[in-house]
Amino acid sequence: KNQVEQSPQSLIILEGKNCTLQCNYTVSPFSNLRWYKQDTGRGPVSLTIMTFSENTKSNGRYTATLDADTKQSSLHITASQLSDSASYICVVSAYNNNDMRFGAGTRLTVKP
Amino acid sequence: NAGVTQTPKFQVLKTGQSMTLQCAQDMNHNSMYWYRQDPGMGLRLIYYSASEGTTDKGEVPNGYNVSRLNKREFSLRLESAAPSQTSVYFCASTASHSTDTQYFGPGTRLTVL
């Protein structure tokens with residue numbers, strides 16, 4: 001079983017609408033959680049990094065939240081644009097573990 | 001700065017052939033990584049190098065070898081390619097192996113027939 005589960009697998013929204021993507025993890029002991037955006041045919045690009053002590057972090061129209069007690073994170077996208085169409089990947093690292101566990105991603109499509 | 005570069009972009013191999021994927025970064029990063037990405041699955045770590053002169057196995061190292069040639073370059077070698085190694089391969093780097101931002105290359109799409 002993957003230690004990082006993302007939902008939904010895919011999502012279609014209209015341009016200008018907001019959406020929230022979910023990430024649940026079992027990686028322990030927790031070190032940090034990252035959200036990446038991956039455009040089709042390209043490498044992932046970092047959006048946010050959060051450590052245990054942070055429960056929210058923003059990057060423009062992207063806001064990530066973290067609840068380390070329930071082991072859940074969300075990525076909220078405000079006022080979506082066509083260029084937001086991409087896969088969004090949640091990545092969790094364990095403390096003192098040199099491995100990062102990647103979720104399978106949520107495929108977001110923004111339609112005009 | 002070019003960031004993280006990978007060559008080749010595409011490659012088709014026959015079963016049993018060998019090849020080396022090249023990766024270079026110009027950000028003076030200490031740590032470098034090789035991942036594979038398969039449909040419906042998250043990226044999986046093949047090997048990483050926390051610093052020049054060191055390499056360690058990741059989650060799926062079987063069938064691969066790596067070389068940290070110098071601080072800039074980290075190569076991935078397939079000695080005898082198998083169809084199960086058909087995937088997209090990504091190289092990445094970070095300044096240090098902690099909470100630093102990880103930068104990815106554009107990927108190499110490999111097909112093994």
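Remember, predicted model here, so these are calculated numbers, not experimental data.
- Of the N and O atoms on the side chains of B:Ser18 and B:Arg77, at least one donor lies less than 3.5 Å from an acceptor on the other residue.
- When the options A:Val27, A:Leu33, A:Thr26 are evaluated for a side-chain contact (heavy atoms from CB on, under 4.5 Å) with A:Phe30, the one that passes is A:Leu33.
- The part of B:Tyr35 that comes within reach of chain A is its side chain, from C-beta onward, which places non-hydrogen atoms under 4.5 angstrom from that chain.
- A side-chain donor-acceptor contact under 3.5 Å links B:Thr86 to the backbone of B:Val112.
- Contact of A:Gln38 with chain B is made through the side chain alone, with heavy-atom distances under 4.5 Å.
- Comparing A:Gly41, A:Pro44, A:Cys90, A:Gly43 by how many heavy-atom pairs each has under 4.5 Å with chain B, the most go to A:Pro44.
- Salt bridge absent: A:Lys17 and A:Glu15 never bring a charged side-chain N and a carboxylate O closer than 4.0 Å.
- There is no contact between B:Gln6 and chain A, counting heavy-atom distances below 4.5 Å.
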